[in-house]
Participant: 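Take a look at this one; I'll ask things after.
Sequence lines set the chain letters: A, B, ... in the order given, protein chains first and strands last, and positions in each chain run from 1.
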Amino acid sequence: MKSAFARTLTATVARRSITASFLPTSAAFRALSRSLSTSRVALASESTGKPTGDAPEPSGRYKRAVGMLSWQSAALFVATAIGLGIYFQHEKSEMQRRRLEQAQQQMYIGRPKIGGPFELIDHNGKTVTDADFKGRFKFIYFGFTHCPDICPEELDKLTEVYEGLLKDPEIGNVITPIFISCDPNRDTPEQVREYLVDFHPDLVGLTGTFEQVARAAKAYRVYFSRPPKVAPGEDYLVDHSIFIYLMAPDGSFMETFGRDKTAEESFEVSRRLILEHLAKTGGADLAPATKA
Amino acid sequence: EAPNREERRRCWKARDEFLACLEANKIDVFGITAESTAASEPTSGACGKLELAMRKACPAAWASYFITRQQIEKRLAE
């Protein structure tokens, strides 16, 4: 449809340029155009051996107009056509680009704004912030060490997915798996370190004061209950939302995996998202490889 | 302080045996007191010994939790 429109427009412009060519020019110019048109007629009669008797010798003013029409406006016509062609090609690709951008934006509209800065204490007792984990993808799971069965199951799932991606030749050592305690009352760094011994050695354990943990949980939209009023030493459970978060190297949110996702599903989705991210960034946002 | 992997495994085994016993004997899980009573007073009738074994292998909060969860799942299945 556009090309038809373009042709119409081009024709209109061409007609206008022909009209413009009727403007008076210098005598020398006229003489030149006259000689060009007559030489064309002469050439035609030479090739056929017959005089081109059909068309009468163009008379004065008409001959001038035809002469100018034949090369000046023709050149202008072609130049305009090319110019318009380039312009419409550019506009077309611009529109395609804009449409693609909008489509991509649609994909991210409705994505939760999850993640953010945190300050916590790692399983070695060292204070760390989110900045210390930039440059690597992150799996983050909120749980607590006194968890009956859900946290161990989710951490086993996380370990399986992490190992699979670590061994994947296209991905490798670019992910940090992180466990964040939402039971700071009982989960000291020591406690967290002991707990994580049963899972993958690369797992980083984080805990902290109640305020630090609460702030981190809030950033990740994780709900967790305060411990009930229990006697010292009395056991209690922490109620908390159950998600594994996949975060990008710059700390932005990529995906969550709930209880319903198996290790295989989580692995497939993570692998696809990480490869997409690496293809898009070319690995530019990755920290230089360090031994875990 | 929290159970390690081996202790968890033993607790889960005791739990599964107890729950299987309830199923086999058609004992109404709603008749069981989830909260830990005195160790000598199991409330699950024919499965009393397995209930005690579970309460011994698992932290108190876990045993209550397993029974309560079983009750919830039964209610949801209805």
Side-chain angles (χ1 to χ4, degrees), chain A residues 123 141-160 163 179-201 203 205-207 213 224-240 242 259-260, chain B residues 1-23 27 29-30 32-44 47-77:
Chain A
H123 57 267
Y141 177 73
F142 284 79
F144 65 110
T145 67
H146 285 77
C147 182
D149 46 14
I150 293 177
C151 301
E153 281 170 18
E154 291 298 297
L155 283 175
D156 277 339
K157 182 168 89 179
L158 173 52
T159 298
E160 197 181 320
E163 265 290 311
F179 166 84
I180 301 183
S181 169
C182 40
D183 186 13
N185 188 42
R186 280 184 299 194
D187 288 348
T188 61
E190 179 80 31
Q191 174 69 17
V192 168
R193 189 159 43 113
E194 264 183 52
Y195 183 68
L196 292 180
V197 161
D198 279 333
F199 302 98
H200 200 284
L203 257 169
L206 300 179
T207 180
V213 164
F224 73 100
S225 62
R226 280 173 153 277
K229 288 198 169 55
V230 292
E234 201 180 322
D235 200 11
Y236 60 87
L237 298 183
V238 175
D239 195 19
H240 63 93
I242 303 158
R259 277 286 274 171
D260 57 326
Chain B
E1 213 212 283
N4 63 23
R5 189 181 283 278
E6 180 52 35
E7 287 161 351
R8 281 196 297 268
R9 194 193 61 80
R10 278 201 289 263
C11 162
W12 293 346
K13 187 154 171 283
R15 170 197 68 188
D16 294 340
E17 282 169 5
F18 170 60
L19 292 179
C21 174
L22 293 183
E23 278 299 307
I27 293 172
V29 70
F30 292 99
I32 303 171
T33 313
E35 296 306 315
S36 277
T37 55
S40 58
E41 288 180 33
T43 55
S44 57
C47 301
K49 275 182 82 174
L50 289 172
E51 186 188 327
L52 279 175
M54 182 185 73
R55 291 198 190 278
K56 209 166 138 216
C58 305
W62 294 23
S64 314
Y65 167 71
F66 292 143
I67 293 171
T68 307
R69 190 168 65 183
Q70 186 69 1
Q71 291 171 340
I72 292 170
E73 274 171 22
K74 280 280 180 217
R75 184 67 80 203
L76 288 174

Participant: Of the backbone (N, CA, C, O) and the side chain (C-beta and beyond), which part of A/F144 lies under 4.5 Å from a heavy atom of chain B, both, or neither?
Facilitator: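 When you check distances to chain B, no heavy atom of A/F144 falls under 4.5 Å.
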Participant: Please report the shortest heavy-atom distance between A/C182 and A/V213, naming the atom on each side.
Facilitator: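 Taking every non-hydrogen atom into account, CA-CG1, 3.9 Å.
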Participant: Counting backbone as well as side chains, what donor-acceptor pairs lie under 3.5 Å between chain B and chain A?
Facilitator:
| residue | atom | partner | partner atom | Å |
| --- | --- | --- | --- | --- |
| B/E1 | OE2 | A/H146 | NE2 | 3.4 |
| B/R5 | N | A/D198 | OD2 | 2.6 |
| B/R5 | NE | A/D198 | O | 3.1 |
| B/R5 | NH1 | A/D156 | OD2 | 3.4 |
| B/R5 | NH2 | A/D156 | OD1 | 3.0 |
| B/R5 | NH2 | A/D198 | O | 2.4 |
| B/W12 | NE1 | A/P148 | O | 3.0 |
| B/R15 | NH1 | A/D149 | OD2 | 3.0 |
| B/W62 | NE1 | A/H146 | O | 2.9 |
| B/R69 | NH1 | A/D149 | OD1 | 3.3 |
| B/R69 | NH1 | A/D149 | OD2 | 3.2 |
| B/R69 | NH2 | A/D149 | OD2 | 2.5 |

Participant: Using the disulfide (SG to SG under 2.5 Å) criterion, which residues pair with B/C58? Sequence neighbours excluded.
Facilitator: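 Disulfide (SG to SG under 2.5 Å) list for B/C58, sorted by chain: B/C11.
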Participant: Can you give me the closest heavy-atom contact between B/C21 and B/L50, atom names plus distance?
Facilitator: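 Minimum heavy-atom contact is CB-CD1, 3.5 Å.
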Participant: Can you measure from SG (A/C147) to CD1 (A/I242) and round to the nearest 0.5 angstrom?
Facilitator: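 Spacing of SG (A/C147) from CD1 (A/I242) equals 7.5 Å.
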Participant: What residues form a side chain to side chain donor-acceptor pair (under 3.5 Å) with B/K74, not counting sequence neighbours?
Facilitator: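 B/K74 satisfies side chain to side chain donor-acceptor pair (under 3.5 Å) with B/E23 only.
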Participant: Among all residues two or more places apart in sequence or in another chain, which pass the side chain to side chain contact (heavy atoms under 4.5 Å, CB included) test with B/L22?
Facilitator: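 Side chain to side chain contact (heavy atoms under 4.5 Å, CB included) check on B/L22 returns B/F18, B/L19, B/I27, B/V29, B/I32, B/S44, B/C47.
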